[in-house]
Amino acid sequence: MVFTVSAAVLLAVIVIVLLKGGYVRFGSMLACTLFGFTLAATGLAPLINSALSSLAGLVASL
């Protein structure tokens, strides 16, 4: 659970920085956010969570 919250905060900060920097427009950001919420409701959500957990474990072992 801690990883999920910290990953969400990190990704939110990245999105805000990209939005403020002008690299991403508001419409694109909104579309990507809605896509993420929609993807989280599909059967792929456990696979994505597992991949993120594995990636976090890999980074932590370095």
Side-chain angles (χ1 to χ4, degrees):
M1 180 67 181
V2 174
F3 174 71
T4 304
V5 173
S6 61
V9 170
L10 175 65
L11 291 172
V13 169
I14 291 171
V15 167
I16 290 170
V17 168
L18 290 174
L19 188 62
K20 293 287 184 183
Y23 295 107
V24 176
R25 301 277 184 206
F26 182 76
S28 301
M29 186 249 339
L30 184 61
C32 289
T33 302
L34 291 175
F35 175 69
F37 278 113
T38 305
L39 188 61
T42 67
L44 288 175
L47 179 64
I48 294 169
N49 285 332
S50 175
L52 285 175
S53 295
S54 297
L55 183 63
L58 179 67
V59 169
S61 69
L62 294 179

Exercise for review: Test I14 against every option in I16, L10, V17 by the side chain to side chain contact (heavy atoms under 4.5 Å, CB included) rule and name the one that passes.
Suggested key: L10

Check your understanding: Does any N or O in the side chain of S53 come within less than 3.5 Å of the main-chain N or O of N49, such that one atom is a donor and the other an acceptor?
Key -> yes

Review point. So, S50 side chain and P46 main chain: donor-acceptor pair closer than 3.5 Å or not?
Key: no

Review point. Under a 4.5 Å side-chain heavy-atom rule over Ile, Leu, Val, Met, Phe, Trp and Tyr, are L19 and L34 clustered together?
Key: yes

Check your understanding: Between F37 and I48, is there a shared hydrophobic cluster once you connect ILVMFWY residues whose side-chain heavy atoms come closer than 4.5 Å?
Key -> no

Review point. What are the two closest heavy atoms between A40 and A45, and how far apart are they?
Key: O-CB, 3.3 Å

**Study point:** Heavy-atom pair with the smallest gap, counting every atom of T42 and T38
**Key:** CG2-O, 3.4 Å

Review point. Roughly how far apart are L30 CG and R25 CZ, rounded to 0.5 Å?
Key: 15.0 Å

